[in-house]
Amino acid sequence: MGYDSFGLPAEQYAIQTGQHPAITTEENLKRYRYQLDQLGFSFDWDREVRTSDPNYYKWTQWIFKQIYNAWYNVTANKAQSIDDLMVIFENEGNETVKAHTSCTTIFSASDWKGFSEAEKQKILMQYRLTYLADSWVNWCPALGTVLANDEIKDGVSERGGHPVEQKLMRQWSMRITAYAERLIQDLDEVDWSESIKDQQKNWIGKSIGASVVFQTENGDAIEVFTTRPDTIFGVSFMVLAPEHPLVNKITTEKYQENVAQYQKQTGLRTERDRQADIKTISGAFTGAYAIHPFTGKKLEIWIADYVLASYGTGAVMAVPCGDQRDHDFAGHFGIEIINIFKGIEISEKAYAEKDAVIANSDFLSDLPVKEAIRAAIVAIEEKGIGKGQTNYRLRDAVFSRQRYWGEPFPVYYKNEIPYLVSDEALPVTLPEIDKYLPTSDGEPPLARAKREDWNAFDGDRMEYNTMPGWAGSSWYFLRYMDPHNEKAFVSKEKADYWNQVDLYIGGSEHATGHLLYSRFWTKFLFDMGFISFTEPFKKMINQGMILGRSSFVYRYILDPIFQSNELSENDNELIIKFIKENQVYLSKDLHETSKKNSLDSIRKFIEEKKSLFNKTNGHIAFSDSNLKYVNALYADIHLIDNDKLDIEGFRNWLPDYKNAEFILSDDGTYTCGNEVEKMSKSKYNVQTPDELVEKFGADTLRCYEMFLGPLEQAKPWDTKGINGVHNFLRKFWRLFHDANNNFVVSDGLADKASLKTLHKTIKKIQDDLERYSFNTAVSNFMIATNELTEQKCNNREVLSQLLILLSPYAPHITEELWALLGNEKSITQTVFPNFDPAYLVEAEFAYPVSFNGKMRFTLPLPTDMDKEAVEKAVLENEQTLKYLDGNSPKKVIVVQGKIVNIVL
RNA sequence: GCGGGUGUGGUGAAAUUGGUAGACAUGCUAGACUUAGGAUCUAGUGCUUCACGGCGUGUGGGUUCGAGUCCCUCCACCCGCACCA
């Protein structure tokens, strides 16, 4: 059991209240612990971890150091120590090194030896798996921090929904892109839902194709990536992203104004706007031309915002016949559309399927697409204008947060060069600061700490950023295995013993965040030899969310009709005031009827209001009115029982509703509407387990939650059925007690029927458990209880076994009954009952007899009766004769112990 | 648009390998008991029909002796991705 206890909510709360987040976090954890204990969960608290505990984040910092001191060797396809890389650099420079790196310069061994320390560090930084670099990040001003891509939904921060902008900042990043291919490949090894795997694949976004260089007329090179090199003869123009660095260089004088205008126009629009508006086709011609590498033809170079700077090279070769966007663009600007597909009409729309045959394409003609792709790559490579290449959409993950409540980096700076804090000095603990806010010159909160506030100060200054939420959560499962180890984050022996997490139950919202990062760190730790497995979570079940059920009242206002149409401003004010003061809430059935304004109860209300108004405002009397619907308002679900509103309670709930008037249904009650949605304070539909535990007990709550339906399915939290589960537990208790609640069980041998019930139940519970079907398990307990009640069974042996089966579901009641039975040790220490099929053997089976597949009646026959005898017995049966009605059956199918089907 | 998922009574759902559709619970109806309760017990409850019977697992088709379950078509809803070259 552990808590991922660093993060934004605690810090936001700290800013608001001025309390140290460690204190509020501690309070919250106490509350969680209370709730968990109250529910009777049997966690091993000796293994408790907290990501915000220095004893834990010491090792998060240590892992960071390992990642810093590693590079990705593409040849070996794994991470290796940076020391190995330095040896290679010493001996042969970097020319032979195949690595995931942002380093573009090539140097020899002697170059390397000649470099200054700062130069060497700068180069190594470009190889490290976590590196400091100026990168474009998602800056969220409202939260005062950068966010990772997975922390942004629909262009705004996932937490709080604040706007996000692009900003160039010096940040730590994790080179997760080095693992892109393995993160896709290894998904085959894990037993996860397709939807999560797809989400990850999608996020990583692998595309296979080729990178091709097109020369421009004046000698600049435009590199493009394409997944369809086979369509290269269909290229009729080039498009660059408006932000592409080459744009300003190649634009001819004549078009400069136009291009600048277009760049400005797209610059004004946010990324989100540009994505939302995919219908408008826009672009600008640069006046420059590229040369087709095979045909030598001149290709116009355009800029357009449908090409994204952030993907691939920020440039495309446009093939209008094969890509709809290119087709639209060509059509809009009157650019030539070349058809390179045999027998396919492309004048209306592009043909993007990969089942065509290429035509009109020199050496690629007559080849099917797949072969043409291969042939094209060969030709491109031979010509030296490009190469086959695989691209990933995945970006390196930004690892810095400009926040206080997170892991400090084990990093200090000397002359602004980062250095690692030594292992002996770890953990670098969070210093106390005066305010949890950025400094006046925009530095993160940690910049407020003075030299002496740090426990491990070194160099000129410490790193001011802290680690993101996913740092601590990427490896906690490893710490569970060895939570108190002071020498290692986990010992190799323990990691080998426990191995992977057998079952991970969690929500699918972590698909592209936590679940991807944990996989990344696990692979890294594997590469470095610290653990022996490459995937953290062997099997995963995505539990459905428990949703809330919100209740609504329907608000109406009067819509009066006046005879006089000469109303003064003063009159209007009076009327508006009157309408405001006389709102009314309609019961759901009235709200839903179309003829509501002619209903008696509503007429009566209107008449009353009319005379009230007219009495005081005679000169502007209104002649009639309708009720006009305004909106539905959330009503606190605690004021509602079975959709019926507690009207007095509602009036006392919020000052606005003090004088609320209601028009009730015929039965004198107010019925609320309802909707199933996420639980949220603003919807007044939150139910905490505490209230239910108090009302029904933890056992009832646990069983009911399981009884609701399949684990994976989202479902509304509706307590209507909870009584049924509660009654079941009472009924179960009564098996052990007489009418006066005295504990009575009988010794000796149990009835055959009771033993059958018991063993049937053992079998079912076992099966249900194996397929995580907890809802059917609870019903099977109910069935067993009903049967034993019917049998008046209070046999010690049978009831003891049943208790054990039920104990994980309802630990409290079973433990108590277990003690009453005279057991001294806890029920959790006993052995699971053994299933014996012998008790289920029946002498007779009631065969369902169907005619043409329709079941008509059942016929009890001995179980051991063979097929022929069953057929004979059925055909001779009186009821069969009735259904045969003198006809002879065409065919009789007998499945022994299952069914008889007679075909007429 | 692409990918994934889900469609069964008034409601939550069950049916594990193609073999009695709706178990279990809730809700509702009627009744019993009673220190009047969120208690306990009995009977009924998919739709339709007075009944015999007929119909019934989102739609339409197919395979099969037999389909909620397998195959194809379409529809609805939910989730994720989306100008990804």
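Quick note on labels: first sequence line is chain A, next is B, and so on, each numbered from 1.
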Novice: Under 4.0 Å, heavy atom to any atom of RNA chain B: which of residues 318-331 of chain A qualify?
Specialist: A/Arg325
Novice: Polar-atom pairs under 3.5 Å, protein N or O versus N or O of nucleotides 2-4 of chain B: list them with distances, or write none.
Specialist:
residue : atom : partner  : partner atom : Å
B/G3    : O2'  : A/Asp198 : OD2          : 2.7

Novice: With P as the reference atom in both, quote the distance from B/U8 to B/A85 in angstrom, rounded to an integer.
Specialist: 37 Å
Novice: What's A/Asn391 touching, base or sugar-phosphate or nothing? Going by heavy atoms closer than 4.0 Å.
Specialist: nothing
Novice: Given B/C24, B/A15, B/U20, identify the nucleotide with an atom nearest to the side chain of A/Thr776.
Specialist: B/A15
Novice: Taking only the C1' atom of each, what is the distance from B/A23 to B/A14 in whole angstrom?
Specialist: 5 Å
Novice: Quick one, give me the B/S/- string for nucleotides 52-67 of chain B, reading 5' to 3', where B means a protein heavy atom under 4.0 Å from the base and S means that only happens at the primed atoms, P, OP1 or OP2.
Specialist: --S----------BS-
Novice: Kindly assign one of parallel, tilted or perpendicular to the pair A/Phe696 and A/His726, based on the angle between their ring planes and the thresholds 30° and 60°.
Specialist: perpendicular
Novice: Distance check, C1' atoms only: B/C70 and B/G66, in whole angstrom units.
Specialist: 13 Å
Novice: For B/U49 versus B/U64, give the span between their C1' atoms, rounded off to a whole number of Å.
Specialist: 32 Å
Novice: What does the 5'-to-3' dot-bracket notation of RNA chain B look like when only Watson-Crick and G-U wobble pairs under 3.5 Å count, and pairs to other strands show as |?
Specialist: (((((((..(((......[....)))((((((.(..)..))))))(((....)))..(.(((..]....))).))))))))....
Novice: Taking the same atom, P, in B/C75 and in B/G60, what whole-Å distance lies between them?
Specialist: 14 Å
Novice: Within the structure, does a side-chain N or O atom of A/Arg734 lie under 4.0 Å from either OP1 or OP2 of B/C41?
Specialist: yes
Novice: Heavy atom of residues 229-236 of chain A under 4.0 Å from RNA chain B: which residues?
Specialist: none
Novice: Counting any heavy atom closer than 4.0 Å, what does A/Asn775 reach on the DNA or RNA strands: base, sugar-phosphate only, or nothing?
Specialist: sugar-phosphate
Novice: Expressed as a whole number of Å, how far does the P atom of B/C72 sit from that of B/A30?
Specialist: 50 Å
Novice: Parallel, tilted or perpendicular: which describes the rings of A/Trp302 and A/Phe329, with under 30° parallel and over 60° perpendicular?
Specialist: perpendicular
Novice: Cationic tip of A/Arg519 within the cone over A/Trp203's six-membered ring, i.e. under 6.0 Å and within 45° of the normal?
Specialist: no
Novice: Measure across A/Tyr306 and A/Ala318 and return the closest heavy-atom pair with its distance rounded to 0.1 Å.
Specialist: OH-CB, 4.4 Å
Novice: Pull out every protein N or O sitting under 3.5 Å from an N or O of nucleotides 7-12 of chain B, one pair per line with the distance.
Specialist:
residue : atom : partner  : partner atom : Å
B/G12   : O2'  : A/Leu708 : O            : 2.5

Novice: Hey, mind stepping through A/Thr177 and A/Asp396 against side-chain hydrogen bond (donor to acceptor under 3.5 Å, both in side chains) and telling me if it holds?
Specialist: CA-CA 6 Å; A/Thr177 49; A/Asp396 280 346; 2.5 Å; yes
Novice: Whole angstrom is fine here: how far is it from CD in A/Gln766 over to P in B/U16?
Specialist: 18 Å
Novice: Taking the minimum atom-to-atom distance to the side chain of A/Asn786, which one of B/C24, B/C81, B/U16 wins?
Specialist: B/C24
Novice: Measuring from the side chain of A/Thr227 (C-beta onward, heavy atoms only), which nucleotide among B/A85, B/A25, B/G19 has the closest atom?
Specialist: B/A85
Novice: Determine the interatomic distance between P on B/U34 and the same-named atom on B/C24; round to the nearest Å.
Specialist: 29 Å
Novice: How are the rings of A/Phe732 and A/Phe728 set relative to one another: parallel (under 30°), tilted (30 to 60°) or perpendicular (over 60°)?
Specialist: tilted
Novice: For nucleotides B/G80 and B/G27, find the distance between their P atoms and express it as a whole number of Å.
Specialist: 34 Å
Novice: Check every strand shown and say whether A/Lys695 touches a base, only sugar-phosphate, or nothing at a heavy-atom separation below 4.0 Å.
Specialist: base
